[in-house]
Each structure stands twice: as C-alpha cells, then as structure tokens.
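The chains referred to below are lettered A, B, ... by the order of the sequence lines, with proteins before strands, and numbering in each begins at 1. Just so you know, these numbers come straight off a predicted model, no measurement behind them.
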Amino acid sequence: MPELPEVEIRRRYLVAHALHRPILRTEIADPTLLNGASARSFRKALAGHALVDTFRHGKWLFVQAESLRWIALHLGMTGNLRVIETAATMPRYVRLRLRFRDGGSLVFTDPRKFGEAHLVENVTAFLQARKWGPDPTLDGFDRDAFRERLRGRSGVLKGILLNQQVIAGIGNLYADEMLFQCGLHPDTRASGLKPRTFGALYDAMMEIFEASIAVETRYKELPNRFLLRHRNYDGLCPKCRRPLNITTAGSRTTYYCPTHQRRRG
DNA sequence: AGGTCATCCTGGAAGC
DNA sequence: TGCTTCCAGGATGACC
C-alpha cells in the first residue's frame, strides 16, 4: 500500500507529467475527499493556474499551484494518481479530476475512499497541526536523529514504527521489512535496545526505501533477500525457506520469520 | 502513556 | 453459479 516510497514515486510522476499545464477546471466527483473543506475554494485556487511545484513529507504529497496554494494529498490505502491524455483511457473510481487546458487530466482515483485532499497555505503548519514526525529521507535526518525519536518509548517496536508522529512514512509493509532485516521480533520493546540496534534499524529503513524507490516499488524486482518479495499467505523466509508466521502486532497484520526474529527482553 | 479496538470504505477472495 | 462473510490497510479517536 502507499507508504513513503510509493508516494515518492507518484511525486516524481507528477513532476514528469502534471506540472506547467494550465488547469481549465476542477471536478470533484466525491466531496468527502475534501473532508469538509469547501469545493468552491478548491476550484478557485486551481482555476487558470498550472501546478508548479511538489513536496513530500512521509505519506503526504503536496502540489503547489501558481496561486501559491498547496494541495495536500494523502493516498490512504488505495489512492492513486494518473495523468491521462484522452477520456477514452479514463480509469475507474475517479474522485478528483483536474482538467488541463490542453485536454489532458490529472485524476485521483481511490476505490476505498480513505484518501484525503486539503487546500493548504502553509505546508509546515499543516504538518505541525497533525503532529507528524520528521520524514527520514529529508535533509538532516540521520542515525542519531532516528535514535532520538525512538528513545524513551516503552511500546513495542512495530507499533512505534507505524506511529506517524514518531517518524513519518513507514507503513505496515516496510515496518515488517525493517524488523526482518534486523532480526527483531515485532513485539520487541523499544526500551532497553542498544544504540547499535537503533542504528541497524535506521540502516534497514534507508536501505529498503532506496531499493524500493529504485525499482519504482515493483517488489518483484527487489533482491530476493527482502521480505517484501515473500510477504504473502504461503511465503517462505528468504533466509531459511521455512514458512513465515502471520500474526497481529500493533493491531496490524504482521509477517515475520519465527527462526530469525526471536522475541527478546 | 501505551495498547487495543472500532471507524471510515469497498473490491476481491474465500467459504458455503 | 450465486450468495454471504471476511479481510485488507492508514489514520484517528475512544476507551481501559
């Protein structure tokens, strides 16, 4: 599902296909996408303006119009963005459509409607209001910063990694990957972990983000050693070829190898 | 404060 | 075949 790498790939897609095309009008097929915001203000901020800039923080994607207003997009579980050139290729489940003057359109599709769109003046204030934690791929975030964010927390690792207020961008699948690469059981408590272990988690996080972005999140193209390639119902551990365990941790479906991810502490 | 659960939603898979 | 049930997942908020 869309986590940091997936959102980053879509951001790059927008840069390549959606910028500098003046918007003719905005069609909001499903107003609930706006979470109570006025459709009128939305249209007004976009009409006649092209999109000119993008920004991503965790799973939030921001697109700036010439009016200087930003659209904040969250893909939820099933949200996606596509630029289409002719109506003949219009996908299903379109919730929002920006019609360009040149005949093309940027469409936001979302079968399950967990996605969100907001009109934002100040991106930083928007993120602060939601208390979102730092994006680990942005400047200045290193091992020490990572350790600092996790230090002093008493919960289980999986739950902490999924908490967007701690670190923004890690979702269920990538949290499982990080724990697998570090040989940590999902129920491991964060308190009492050695600094070295935090460092290993940071390295695993950066490695999987980088690898996943490199293959444009087509997990099948990842090296075999990544759990993401094997994270399915009858998946086998890429290290020992024994069946993976499926359990619940942090109230989410969790895959792990009972051999390499031992419970500690 | 942390953990669990319900909630939003609906396509698709599984079960009967 | 066709119906019903369940599940998935991101984020938030209620509750213990």
Side-chain angles (χ1 to χ4, degrees), chain A residues 1-11 28-37 56-62 72-82 91-96 107-118 120 123 126-136 149-179 184-193 205 208-209 212 217 219 227-228 230-235 244-256 263 265:
Chain A
M1 293 306 112
E3 305 180 32
L4 187 152
E6 281 79 5
V7 178
E8 174 61 17
I9 291 302
R10 278 150 188 82
R11 188 192 69 77
I28 301 159
D30 181 3
T32 63
L33 178 75
L34 305 183
N35 288 86
R56 183 192 54 72
H57 184 107
K59 303 172 195 173
W60 281 103
L61 177 54
F62 300 90
L73 296 169
H74 196 295
L75 302 178
M77 276 173 37
T78 55
N80 204 358
L81 293 163
R82 281 186 53 194
R92 300 173 72 189
Y93 316 114
V94 172
R95 307 302 179 199
L96 176 69
V107 295
F108 181 98
T109 59
D110 188 15
R112 291 181 202 177
K113 297 186 175 179
F114 284 2
E116 296 178 34
H118 300 256
V120 170
V123 167
F126 176 82
L127 291 167
Q128 274 174 0
R130 283 155 187 267
K131 298 182 177 139
W132 270 47
D135 179 298
R149 296 296 298 177
L150 269 68
R151 197 163 66 179
R153 298 193 175 262
S154 59
V156 297
L157 269 180
K158 173 110 189 212
I160 295 169
L161 294 175
L162 290 177
N163 184 347
Q164 302 301 304
Q165 299 188 0
V166 178
I167 290 169
I170 304 170
N172 198 30
L173 275 56
Y174 290 86
D176 279 2
E177 183 70 55
M178 291 167 62
L179 294 167
L184 292 164
H185 191 283
D187 286 340
T188 305
R189 299 260 157 195
S191 58
L193 286 186
M205 173 182 70
I208 184 56
F209 282 167
S212 190
T217 69
Y219 301 153
L227 182 70
L228 275 173
H230 310 276
R231 199 182 177 287
N232 51 57
Y233 181 69
D234 52 3
L244 295 167
N245 269 15
I246 305 174
T247 181
T248 299
S251 66
R252 305 295 282 281
T253 304
T254 298
Y255 286 71
Y256 73 101
R263 202 182 300 261

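- A straight line from CD1 of A:I246 to C1' of C:dC7 spans 12 Å, rounded to a whole angstrom.
- For the pair A:N172 CG and C:dA11 P, the interatomic distance rounds to 11 Å; values are reported in whole Å.
- Checking B:dG3, B:dC9, C:dA8 against every side-chain atom of A:R189, the shortest atom distance belongs to B:dG3.
- Counting to the nearest Å, the P atom of C:dC7 and the CZ atom of A:R231 are 16 Å from each other.
- Using a distance-only test at 3.5 Å, with no hydrogens or angles considered, no donor-acceptor pair links the side chain of A:N245 to the main chain of A:Y256.
- Of the side-chain N and O atoms in A:R95, none sit less than 4.0 angstrom from OP1 or OP2 of B:dC9.
- Comparing atom distances between the A:S154 side chain and each of B:dA1, B:dG11, C:dT12 picks out B:dA1 as nearest.
- Regarding A:D110, its CG atom lies at a distance of 10 Å from the P atom of B:dT10, rounded to whole Å.
- Among the nucleotides B:dC8, B:dG11, B:dG2, the one closest to the side chain of A:F114 is B:dC8.
- A donor-acceptor contact closer than 3.5 angstrom links the side chains of A:S212 and A:Y174.
- In this model, a side-chain donor or acceptor of A:R112 finds a partner on the base of C:dA8 within 3.5 Å.
- Protein atom CG of A:L162 is 14 Å distant from nucleotide atom C1' of C:dT12, rounded to whole Å.
- Taking a 6.0 Å sphere around CZ of A:R151, one finds it holds 12 or fewer heavy atoms contributed by other residues, nucleotides or ligands.
- A:I170 has its CD1 atom 15 Å from the C1' atom of C:dA11, to the nearest Å.
- Side chain of A:Q164, nearest nucleotide from B:dG3, B:dT10, C:dA11: C:dA11.
- Residues A:K158 and A:T254 have side chains that bring a donor and an acceptor to within less than 3.5 angstrom of each other.
- When each of B:dG11, B:dC9, C:dA8 is scored by its nearest atom to the side-chain atoms of A:T253, the top-ranked nucleotide is C:dA8.
- When each of A:T78 and A:Q165 is assigned the nucleotide of DNA chain C with its nearest heavy atom, A:T78 is the one assigned upstream, toward the 5' end.
- Summarising the geometry, the separation between CG on A:D30 and C1' on B:dC9 is reported as 10 Å, rounded to the nearest angstrom.
- Heavy-atom distances to DNA chain B give each of A:T32 and A:R92 a nearest nucleotide, and the one nearer the 5′ end belongs to A:T32.
- Residue A:R153 contributes atom CZ, which lies 10 Å from atom C1' of B:dG2 at whole-angstrom precision.
- For the pair A:H57 (side chain) and A:G133 (backbone), a donor-acceptor distance under 3.5 Å is present.
- Closest to the A:W132 side chain, of the nucleotides B:dG2, B:dC8, C:dA11, is C:dA11.
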